[in-house]
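Throughout, a chain's letter reflects where its sequence line sits, starting with A, and its residues are numbered from 1. Just so you know, these numbers come straight off a predicted model, no measurement behind them.
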Amino acid sequence: MRFEGLDLNLLVALDAILEEGSVVRASQRLHLSQPAMSAAIGRLRQYFNDDIFTMSRRKLVPTPLARSLERPTRDILLRVRANLISAPGFEPANSQRRFRIVVSDYASIVLMHPVMKRVYREAPGISLELLPFNDRVDDQLERGEVDFIIMPDVNAVDDHPRQHLFADEFCCIAWTGSRKIGRSISLGRYLQLGHVTAQFGPIRRPSFEEKALARSGYKRRIEVIAPNFTTMVASVIGTDRVATVHKRLAVIFARSFPLKLLHAPVRIPAFREMLQWPASFHADPALVWMRETISDVASEIDRTPAARMRFG
DNA sequence: CCACGAAGTTGGCCATCCAC
DNA sequence: GTGGATGGCCAACTTCGTGG
């Protein structure tokens, strides 16, 4: 069967080869043999009257025409998935859908925990896969590999819809047993103490607070670099170290751990958490439902501004 | 008009070749 | 040795001619 003379299955093959950069890997991905995939390239060559791929130093190189087809092909396939495969008859209460969400451990605790409780009540068949940040989130959005990314709005990926979730600000935390740190902390003492910070992902991306402090020009001594915010908070317990963390996270942790919360003696800009999703999935009813659920929980959180949250 | 069978087409796999 | 291309073969499907 053809659409205007084109076998649409060839678009699936083209997308797989462009993404994998290899006929063998593309064939494995589509559960075809390598010759079948090679034949698909042959049919693409015939239809487009172009080499589509050439070999250079044992690497498969897409021709300019193939490159120009990459974006529209992926867009078409993502739209088919969003509008034809996922869409029909989405009912939260009966759906077995899995959502893949890239989110920090901070937003997992502050936002996703109440979201998960609500999903558990309203859509018990739905599962959530929370994924850590990596260096190719923009690529993952582009390819539709993830359904949502939750991150600071300053890191937003262009060309994909976004939505504000909630704002937060920063405070300091210290162990309640610390004798060097009292009920407040001066700038001088803050800069004298050992600090705990966090860096993320394979390239050790600094946290929002780390970048803000670096911009302010203050020199502080980092004694612990944690892989995430949760470890960062736990790392001050039993020490005289101080950590500068999101206030909403600090308030939650202080309910369970021996932590005192202090006003940060340096000014760190307020922080806005944001939701992004692939533009191709914009109309997918399942994503619309999850977007509304997350947004609804976030607006409840945002109803209590971080500045009005009481310490202790 | 419908059922049936032969021939053609398509796209899969396996084996193999070729280039690097 | 690895990765892509090709030839031969096979199964499924389509097309077309023929007979009832």
I want to check one thing: is the phosphate of [N], taken as OP1 and OP2, less than 4.0 Å away from some side-chain N or O of [X]?
X     : N      : answer
A:S22 : C:dG4  : yes
A:R43 : B:dG12 : yes
A:R25 : C:dG3  : no

Out of C:dG4, C:dA5, B:dG12, minimum distance to the side chain of A:V24 belongs to C:dG4
Between [atom2] of [N] and [atom1] of [X], the distance in whole Å:
X     : N      : atom1 : atom2 : value
A:M37 : C:dT6  : CE    : P     : 16 Å
A:Y47 : B:dG11 : OH    : C1'   : 19 Å
A:Q34 : B:dG12 : CD    : C1'   : 13 Å
A:F53 : C:dA5  : CZ    : P     : 10 Å
A:D51 : C:dG4  : CG    : C1'   : 13 Å
A:I41 : C:dG3  : CD1   : P     : 14 Å

cation_pi(A:R97, A:F99) dist<6.0 Å, angle<=45:
yes
Using a heavy-atom cut-off of 4.0 Å across all strands, would you classify A:A36 as base, sugar-phosphate, or nothing?
sugar-phosphate
Kindly indicate whether the side chain of A:Q163, heavy atoms from C-beta on, has any atom under 4.5 Å from the side chain of A:R291.
yes
Tell me whether the rings of A:H246 and A:F170 are parallel (<30°), tilted (30 to 60°) or perpendicular (>60°).
tilted
Let me know which of A:V12, A:L10, A:D15 forms a side-chain contact (heavy atoms from CB on, under 4.5 Å) with A:T73.
A:D15
